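Below: the structure, in structure tokens.
Index from 1, following the sequence. Since the structure is predicted, the reported quantities are computational estimates derived from the model, not experimental observations.
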Amino acid sequence: MEAISVLHRRVMAVANWIRPAITDGFQRMVQKMAVFQREAIEDHQYHMEQLSLMRDDLVDQLNSNLADAGDHLVLTAQKRARLMQKSLLEPNKRYFSFTPRDKGTNFQELREGVSALLSVGGFIISSAESLYANYQSKALSKPMEGFEIFMEKSGLEEEISHTINAHLAVDLTLLSSIQMEHWKNRYLPKEPLPQSFRRNGGKLFWREAKRYMSYATAAYGQAMIHAADVEARGNFEFEHIGKEPIEAVADHIDLKPEDIHLLDVDYDGDAKHLRHFVAIDHENKKVVLTIRGTFSPQEIVVDVCAFSTEFCGGEAHSQMASMSERVWENAGPTIVKLLDEHPGYEFIVTGHSLGAGTACLLTILVQSKKLVSAPTRCFAFASPPVFKPLDAVPDINAITNFVHNNDMVPFLSVYSVRNLLSQLRSIQSFAHSRMSYQSRFRMFMGWKKLTPAIMKHHDEWKPYEETLKGAPELQTPAARTIWLQEKREGFYDWECYTAEEMLEHYPNIRVHPEMLTDHLAPSYEFSFEHLWLEDVED
């Protein structure tokens with residue numbers, strides 16, 4: 001009996017020791033099941049809300065499309081009638097229509113894919129040529145050394161190393177989702193395009209912008225020209241393959257080859273200046289200098305090395321300022337000669353991306369040093385911030401910048417990149433300390449909406465108050481930035497912002513899935529081909 005009593009006591013002791021662990025484990029299991037059930041209910045409610053919103057959006061979109069289709073048919077008929085009447089009255093004068101086409105027609109997705117392949121193919125060929133030429137001349141070693149010094153001195157190398165890790169894709173997706181939520185309540189400009197920018201009213205200004213965008217595309221060479229023709233107009237002329245560069249450029253800008261007086265668009269190993277060409281347009285009485293954008297690794301280095309230097313009474317992007325002076329050294333004599341031979345002609349400077357930033361600075365250089373006596377204007381497409389202060393620009397009203405949809409390059413600077421990296425680190429810290437792996441994954445996949453906590457955390461984030469020495473917060477030196485926005489699929493509208501509005505309300509990089517593809521020159525040409533201008537006076 002004593003042995004049984006001892007055994008009983010030992011069993012009870014073991015049971016008393018095990019019971020709390022079992023109880024705690026069961027309670028934790030019940031709590032986890034409750035959390036799982038609550039999350040499942042939240043997900044179910046979220047999906048039901050999304051289905052309800054999708055249903056309402058589909059109904060609204062159907063009603064809108066039906067109304068727009070009727071209005072579009074009427075407006076198109078009226079417009080074509082006006083154009084036909086004009087062409088009958090003036091048979092020798094050419095007219096083009098800005099009437100938009102449905103982006104979904106003519107295999108637009110296929111056109112965009114082919115255009116992207118041609119653009120990337122052209123960049124690869126140009127890069128291979130430049131790398132080979134630089135390998136032969138060892139010309140790339142010095143820019144790369146400068147790039148390494150810039151990354152180290154600017155502190156970007158250290159900031160990038162602290163930001164880029166295995167969670168980068170999730171962090172970028174969360175930041176993009178947060179920015180899209182804020183985009184719904186974004187700032188809109190208070191004034192329309194000024195009458196002074198309309199150049200005698202109506203569509204003349206837009207005709208000029210569309211024309212000079214084609215010039216900017218032509219500076220990239222035949223691959224980009226074909227890409228723009230495919231995406232913007234749905235055309236691919238097989239007989240144009242293998243054309244001489246001067247013939248391809250002249251055909252794209254609707255001039256004769258003999259009207260192109262300087263053509264420097266093929267890479268020949270000389271990286272002292274950007275590729276460019278000079279043409280004379282007798283019909284519109286213009287002498288046009290077009291500067292090519294980024295199309296080789298060495299030009300990427302020019303883009304990235306963004307320390308500032310003194311330039312024309314202000315501070316400018318050092319590499320682009322240097323390139324503007326070198327382009328003028330090469331093209332200036334031809335331009336001055338043409339303007340002297342054709343009094344009354346206007347001087348136009350244009351370019352895309354890196355070429356746009358250089359075009360802005362070259363315009364400031366021409367104005368400051370009075371290098372030409374003719375009126376001078378600049379059409380910049382996707383110019384990054386390159387100059388400060390704006391008060392130092394002699395005639396800022398002569399410069400207009402264009403931004404396409406979600407293009408990130410017009411907002412790209414050392415200051416904005418540092419702020420982007422800071423935002424990513426802030427989101428990463430919150431997400432990995434306050435959110436479960438399942439929640440992060442569901443938000444990444446779009447299965448769960450953003451929580452108020454992460455939205456509040458991002459709203460409390462503050463940008464850098466001080467800029468790095470030698471890398472101030474530069475601005476785009478344009479009196480107006482015209483933002484081309486895709487309002488409906490295939491239809492573009494525009495918003496006009498002052499330089500001050502852009503700096504105050506859009507100082508940071510906006511992360512978006514299309515932030516790189518929207519930067520390509522063919523995408524800009526597409527937007528001008530599909531710009532809705534029925535409310536602009538003729």
Check: [Y] main-chain N/O paired with [X] side-chain donor or acceptor under 3.5 Å:
{"X": "His276", "Y": "Leu274", "result": "yes"}
{"X": "Thr350", "Y": "Phe379", "result": "yes"}
{"X": "His458", "Y": "Ile454", "result": "no"}
{"X": "Thr363", "Y": "Ala359", "result": "yes"}
{"X": "Gln179", "Y": "Ile509", "result": "yes"}
{"X": "Ser322", "Y": "Ser318", "result": "no"}
{"X": "Asn401", "Y": "Ser383", "result": "yes"}
{"X": "His317", "Y": "Met320", "result": "yes"}

Between [atom1] on residue [X] and [atom2] on residue [Y], distance to nearest 0.5 Å:
{"X": "Met224", "Y": "Arg292", "atom1": "CE", "atom2": "CZ", "result": "9.0 Å"}
{"X": "Gln319", "Y": "Thr358", "atom1": "CD", "atom2": "OG1", "result": "10.0 Å"}
{"X": "Ile482", "Y": "Phe381", "atom1": "CD1", "atom2": "CZ", "result": "9.5 Å"}
{"X": "Asp493", "Y": "Ser527", "atom1": "CG", "atom2": "OG", "result": "12.0 Å"}
{"X": "Asn508", "Y": "Gln423", "atom1": "CG", "atom2": "CD", "result": "5.5 Å"}

Checklist entry - Would you call the rings of Phe402 and Trp206 parallel, tilted or perpendicular, where under 30° means parallel and over 60° means perpendicular? => result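 Phe402 and Trp206: perpendicular rings.
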Do [X] and [Y] make a side-chain contact, defined as non-hydrogen atoms from C-beta onward lying under 4.5 Å apart?
{"X": "Glu315", "Y": "Thr309", "result": "no"}
{"X": "Leu484", "Y": "Val403", "result": "no"}
{"X": "Val349", "Y": "Arg377", "result": "no"}
{"X": "Asn405", "Y": "Ser523", "result": "no"}
{"X": "Leu450", "Y": "Met443", "result": "yes"}
{"X": "Pro384", "Y": "Phe411", "result": "no"}
{"X": "Gln475", "Y": "Met502", "result": "no"}
{"X": "Ile291", "Y": "Val327", "result": "yes"}

Set of side chain to side chain donor-acceptor pair (under 3.5 Å) partners for [X], sequence neighbours left out:
{"X": "His519", "value": "Ser353, Asp407"}
{"X": "Asp395", "value": "none"}
{"X": "Trp183", "value": "none"}
{"X": "Arg510", "value": "Asn406"}

Checklist outcome for this item: Sorted by chain and residue number, the salt bridge (charged side-chain N to carboxylate O under 4.0 Å, His left out) partners of Lys184 (sequence neighbours excluded) come out as Glu181
Checklist entry - Considering residues at least two apart in sequence or located in another chain, which fulfil the salt bridge (charged side-chain N to carboxylate O under 4.0 Å, His left out) criterion with Arg425? => result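 Expected list: Glu159.
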Checklist entry - Which residues pass the ring pair (Phe, Tyr, Trp, His ring centres under 6.0 Å) test with Phe387, sequence neighbours left out? => result none
Checklist outcome for this item: Sorted by chain and number, sequence neighbours left out, ring pair (Phe, Tyr, Trp, His ring centres under 6.0 Å) with Phe444 holds for none
Modelled atom types, side-chain donor and acceptor of [X] and [Y], under 3.5 Å:
{"X": "His457", "Y": "Ser426", "answer": "yes"}
{"X": "His352", "Y": "Tyr220", "answer": "yes"}
{"X": "Ser436", "Y": "Ser439", "answer": "yes"}

List the residues meeting side-chain contact (heavy atoms from CB on, under 4.5 Å) with [X], not counting sequence neighbours, and say none if there are none.
{"X": "Pro507", "answer": "Glu473"}
{"X": "Thr517", "answer": "Glu514"}
{"X": "Leu424", "answer": "Thr163, Leu168, Asp171, Leu172, Leu175, Leu420"}
{"X": "Glu460", "answer": "Lys456"}

Can you name the nearest heavy-atom pair linking [X] to [Y], along with the distance?
{"X": "Val511", "Y": "Ser176", "value": "O-OG, 3.1 Å"}
{"X": "Ala356", "Y": "Ala382", "value": "CB-C, 4.2 Å"}
{"X": "Val386", "Y": "Pro477", "value": "CG2-CD, 3.6 Å"}
{"X": "Trp328", "Y": "Val366", "value": "CZ3-CG2, 4.1 Å"}
{"X": "Ala321", "Y": "Phe311", "value": "CB-CD1, 3.7 Å"}
{"X": "Ala228", "Y": "Thr217", "value": "CB-CG2, 3.8 Å"}

Checklist entry - Taking 4.0 angstrom as the limit, do Lys210 and Glu525 come out as a salt bridge? => result no
Next on the checklist: Assess whether a salt bridge exists between Arg186 and Glu495, defined as any Lys/Arg side-chain N lying under 4.0 Å from an Asp/Glu carboxylate O.
Outcome noted: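 Counted as a salt bridge, because a side-chain N and a carboxylate O are separated by less than 4.0 Å.
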Checklist entry - For the rings on Trp483 and Tyr506, is their centre-to-centre separation under 6.0 Å? => result yes
Checklist entry - Taking the six-membered ring for Trp, are the ring centroids of His505 and Tyr497 within less than 6.0 Å of each other? => result no
Item to check | Result of checking Gln485, Glu529, His404 against Tyr492 for side-chain hydrogen bond (donor to acceptor under 3.5 Å, both in side chains) | outcome: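 Of the listed options, the one satisfying the test is His404.
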Item to check | Derivation and outcome, side-chain hydrogen bond (donor to acceptor under 3.5 Å, both in side chains), residues His512 and Asp518 | outcome: CA-CA 10 Å; His512 193 277; Asp518 279 352; 5.4 Å; no
Checklist entry - Step by step, would you call Gln428 with Asn165 a side-chain hydrogen bond (donor to acceptor under 3.5 Å, both in side chains)? => result CA-CA 10 Å; Gln428 184 180 111; Asn165 51 42; 3.1 Å; yes
